[in-house]
Amino acid sequence: MKLFFIKKFIKAKRLLTRNQFVRGFGGMWPFVKPYLPRVILGLLLTIPIGMLDALIALFLKPYMDNVMVAKESSAFIYVPFVIVGFAIVQGIFNFLAVYVNGWTANKITNRIKQTLFNKLLTFSPSFFDKISSGSVLFRFSRDAETASNGLINNVKTIVSRVFSIIALIGVLLFNSVHLTVISVFVLGCAFLPLYFVRKRMKMVFEKSVSVESDLVTAYNEAFAGNKTITSYNLQKHKSDSFDALLGKSINLKMTLLKNTAWLSPVMHIISSLGVAGVVFFGTYLVLNGTITSGNFVSFIAALLMLYTPVKSIGQQFVGIQASLMAMERLLNMLKVKPAVRDVETETPAELNGFNKDIIFEKVSFSYDNFKTVIDDINFTVKKGETVAFVGNSGGGKTTLVNLLLRFYNVKNGFVKIDGIKLWKISLKSLRDQIAVVFQDNFLFSGTIKDNIMLGKPDANEEELRRAVSMACLDEVIAGFEHGIDTVIGERGIILSGGQKQRVAVARAILKDAPIVILDEATSSLDNKSEKELQKAFDNLMKDKTIFVIAHRLSTVQHADKILVLDNGKIVEQGTHEELLKIEKGVYRHLYQIQFKTVNS
């Protein structure tokens with residue numbers, strides 16, 4: 001009988017399926033293992049909490065028989081002390097259990113978050129092309145909280161309840177086997193409603209995750225896009241969109257509530273039927289002398305303690321399912337392999353510098369496997385050369401350097417550095433040989449120095465001063481009260497566009513990589529700022545192999561080789577002078593348009 005009841009209880013707790021429960025908790029083992037002693041201690045502390053419920057119920061039998069029925073006044077003196085003693089002991093164990101389990105849950109949460117964050121850093125840009133910032137925050141932060149806290153709290157609850165159930169059933173059997181049969185049968189029936197709602201709940205939870213992610217994205221966009229929202233008077237538009245999302249969210253919550261709110265009342269009614277049956281039959285047993293009044297009162301007390309969690313299991317069911325689904329999502333995320341990663345079939349090659357050339361041979365690429373962005377590209381860049389990519393927007397210029405950085409893998413053909421195919425080179429050693437200055441360089445919160453030192457974290461003061469000087473950043477730093485230790489705020493908000501570029505150039509100079517990529521590095525600057533920065537760029541490019549992407553042809557005239565791209569193909573290549581000689585050439589046409597614009 002005990003085994004029947006315990007199996008029913010645990011089966012109901014398993015929520016979606018037995019396999020999902022096992023997978024969820026099994027997958028969490030690597031995070032739990034380092035804190036296993038604390039986990040075990042926390043679980044051991046929950047055992048007496050549950051067992052003491054049974055002792056309190058058991059104590060009522062001698063109290064009822066000796067004090068209330070036999071009128072032994074001497075026993076009455078000890079009753080208040082026993083009750084208070086039970087409460088004190090249970091309270092101490094409860095406090096210790098909450099503290100230990102809370103500490104463990106937070107440690108596990110932090111470990112999961114660190115693992116997820118490290119995983120996030122391994123993903124290539126293709127991953128971020130397909131996921132919103134809200135989804136990232138929800139999956140990589142909130143799911144960690146839900147999963148770990150749910151894991152600890154649910155295991156704690158299960159252990160406490162199981163031992164409480166065992167002890168309370170022991171009290172029931174001690175007092176009356178006949179009444180125990182009735183009680184356990186009714187209790188088993190009380191769990192049946194859980195199976196009618198689990199599939200429906202899973203569907204609602206999945207939709208809720210999507211909507212909640214969209215809400216987080218909306219907050220992020222309101223923060224990052226505040227200037228656009230303000231300048232275009234988009235407040236009402238954004239407010240209406242957010243209101244629509246809130247409407248979806250509340251509809252899903254009400255759907256969930258509608259599908260689960262009836263659980264507790266139904267369980268309460270079923271439990272009440274059990275209590276009513278026990279009272280009816282128990283009264284008969286007391287009257288015919290089968291059991292004493294003490295047995296009956298002790299039994300009723302134990303039964304009520306047993307039924308109490310059952311009447312609220314509906315709400316627990318929702319929380320437990322949310323935890324298991326969060327576990328499943330984060331474990332699935334940890335299983336995802338980055339689209340771009342080191343070769344797994346052999347030891348990756350290590351680049352120790354750049355000595356010869358870079359070859360693009362029959363390279364083709366598409367972002368979505370449908371529309372070709374790069375089509376049969378062939379060219380070679382020798383060490384020390386400067387190659388420039390020009391052409392209309394969408395021609396594939398940035399995509400080429402993204403392939404060199406292995407932000408994406410080529411679909412056809414291959415890229416070689418010093419005769420080694422790119423996919424065979426370790427990602428770290430590849431990117432150690434390349435410094436990049438983007439059009440919109442990302443500056444991290446911290447100081448100017450912090451951002452420059454990212455180029456070479458172990459650089460000494462002399463190397464730092466040299467990078468600052470070569471980037472023509474001295475005057476900028478001198479203009480701030482705290483100089484190079486000035487805190488620049490999130491994304492370098494206190495700096496102008498030109499100042500941000502100088503910090504980025506200083507970072508690239510400090511890295512001192514043999515290959516430098518300038519991706520539209522001056523396109524967002526005015527002519528004056530561009531001229532002021534030109535010396536910094538000249539210092540950066542000295543004795544390096546340079547890849548330049550530019551719309552302004554004035555910045556690429558001295559390149560050793562200019563590749564003109566159109567719709568993913570190289571349509572022209574040569575020096576500035578050679579390309580200008582091509583009648584009706586694309587480069588010549590672009591140059592004439594810009595030259596006329598400048599002189600008009």
Side-chain angles (χ1 to χ4, degrees), residues 124-130 338-341 343 356-382 385-425 427 430-431 434 436 438-439 515-521 523 545-553 555-556 559-576 578-591 593-594:
S124 59
S126 60
F127 172 82
F128 298 98
D129 292 341
K130 300 172 184 176
V340 177
R341 58 186 184 274
V343 58
K356 185 180 177 184
D357 56 25
I358 297 171
I359 299 173
F360 279 67
E361 185 169 329
K362 296 181 179 180
V363 173
S364 296
F365 176 78
S366 65
Y367 288 102
D368 55 9
N369 294 320
F370 292 104
K371 183 180 179 181
T372 300
V373 179
I374 295 295
D375 186 14
D376 195 28
I377 294 292
N378 296 274
F379 67 89
T380 299
V381 180
K382 294 181 179 179
E385 283 188 340
T386 296
V387 60
F389 303 107
V390 300
N392 294 319
S393 297
K397 303 182 296 296
T398 298
T399 300
L400 279 176
V401 295
N402 285 342
L403 293 177
L404 177 60
L405 284 159
R406 268 199 85 193
F407 286 170
Y408 305 89
N409 287 322
V410 298
K411 302 300 181 186
N412 295 299
F414 54 82
V415 182
K416 285 184 178 180
I417 295 182
D418 288 345
I420 307 173
K421 291 181 179 179
L422 216 61
W423 63 272
K424 291 188 174 184
I425 301 170
L427 288 171
L430 168 67
R431 292 166 186 168
I434 304 173
V436 188
F438 297 98
Q439 176 182 352
I515 303 169
V516 174
I517 295 174
L518 303 178
D519 187 0
E520 304 280 10
S523 63
T545 302
I546 311 297
F547 288 77
V548 181
I549 298 173
H551 275 111
R552 295 178 183 174
L553 302 187
T555 63
V556 301
D560 299 299
K561 185 183 300 180
I562 299 174
L563 304 182
V564 184
L565 282 87
D566 187 36
N567 292 322
K569 292 179 176 289
I570 298 177
V571 293
E572 295 171 3
Q573 59 179 306
T575 64
H576 172 71
E578 290 170 345
L579 293 175
L580 285 180
K581 293 177 182 178
I582 301 175
E583 291 290 336
K584 297 182 180 180
V586 176
Y587 183 84
R588 180 173 177 173
H589 178 65
L590 292 173
Y591 182 79
I593 291 174
Q594 290 190 16

May I ask you to test the [X]-[Y] pair for a side-chain heavy-atom distance under 4.5 Å?
{"X": "Ile515", "Y": "Ile358", "result": "yes"}
{"X": "Ile570", "Y": "Asn378", "result": "no"}
{"X": "Phe360", "Y": "Leu563", "result": "no"}
{"X": "Tyr587", "Y": "Leu580", "result": "yes"}
{"X": "Phe407", "Y": "Val340", "result": "no"}

Ignoring hydrogens, what is the shortest heavy-atom contact between [X] and [Y]? Give both atom names and the distance.
{"X": "Val410", "Y": "Val415", "answer": "CG1-CG2, 4.1 Å"}
{"X": "Gly391", "Y": "Leu590", "answer": "CA-CD1, 4.0 Å"}
{"X": "Leu430", "Y": "Ile434", "answer": "O-CG1, 3.7 Å"}
{"X": "Tyr408", "Y": "Asp129", "answer": "OH-OD2, 2.7 Å"}
{"X": "Val390", "Y": "Leu553", "answer": "CG1-CD2, 3.7 Å"}
{"X": "His576", "Y": "Tyr591", "answer": "CE1-CE1, 3.6 Å"}

What distance do [X] atom [atom1] and [Y] atom [atom2] have between them, rounded to the nearest 0.5 Å?
{"X": "Gln573", "Y": "Leu579", "atom1": "CD", "atom2": "CG", "result": "8.5 Å"}
{"X": "Asn409", "Y": "Phe365", "atom1": "CG", "atom2": "CZ", "result": "8.5 Å"}
{"X": "Ser364", "Y": "Ile374", "atom1": "OG", "atom2": "CD1", "result": "8.5 Å"}

key: Tyr367 side chain to Thr399 side chain, donor-acceptor N/O pair below 3.5 angstrom   =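 Yes, side-chain donor-acceptor contact under 3.5 Å.
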
Is there a donor-acceptor contact under 3.5 Å from the side chain of [X] to the main chain of [Y]?
{"X": "Asp519", "Y": "Ile549", "answer": "no"}
{"X": "Glu572", "Y": "Val586", "answer": "yes"}
{"X": "Asp376", "Y": "Lys569", "answer": "no"}
{"X": "Arg406", "Y": "Ser124", "answer": "no"}
{"X": "Arg588", "Y": "Gly585", "answer": "no"}
{"X": "Lys561", "Y": "Val381", "answer": "no"}
{"X": "Lys397", "Y": "Asn392", "answer": "yes"}
{"X": "Asp560", "Y": "Val387", "answer": "no"}

message = Which label fits Phe389 and Phe547: parallel for a plane angle under 30°, tilted from 30 to 60°, or perpendicular past 60°?
response = parallel

ask   = Can you list the steps and then say if Leu400 with Leu565 is a side chain to side chain contact (heavy atoms under 4.5 Å, CB included)?
value = CA-CA 10 Å; Leu400 279 176; Leu565 282 87; 3.6 Å; yes

key: Option from Ile546, Ile562, Thr545, Leu518 for which side-chain contact (heavy atoms from CB on, under 4.5 Å) with Thr386 holds   =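 Result: among Ile546, Ile562, Thr545, Leu518, Ile546 is the only option passing the side-chain contact (heavy atoms from CB on, under 4.5 Å) with Thr386.
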
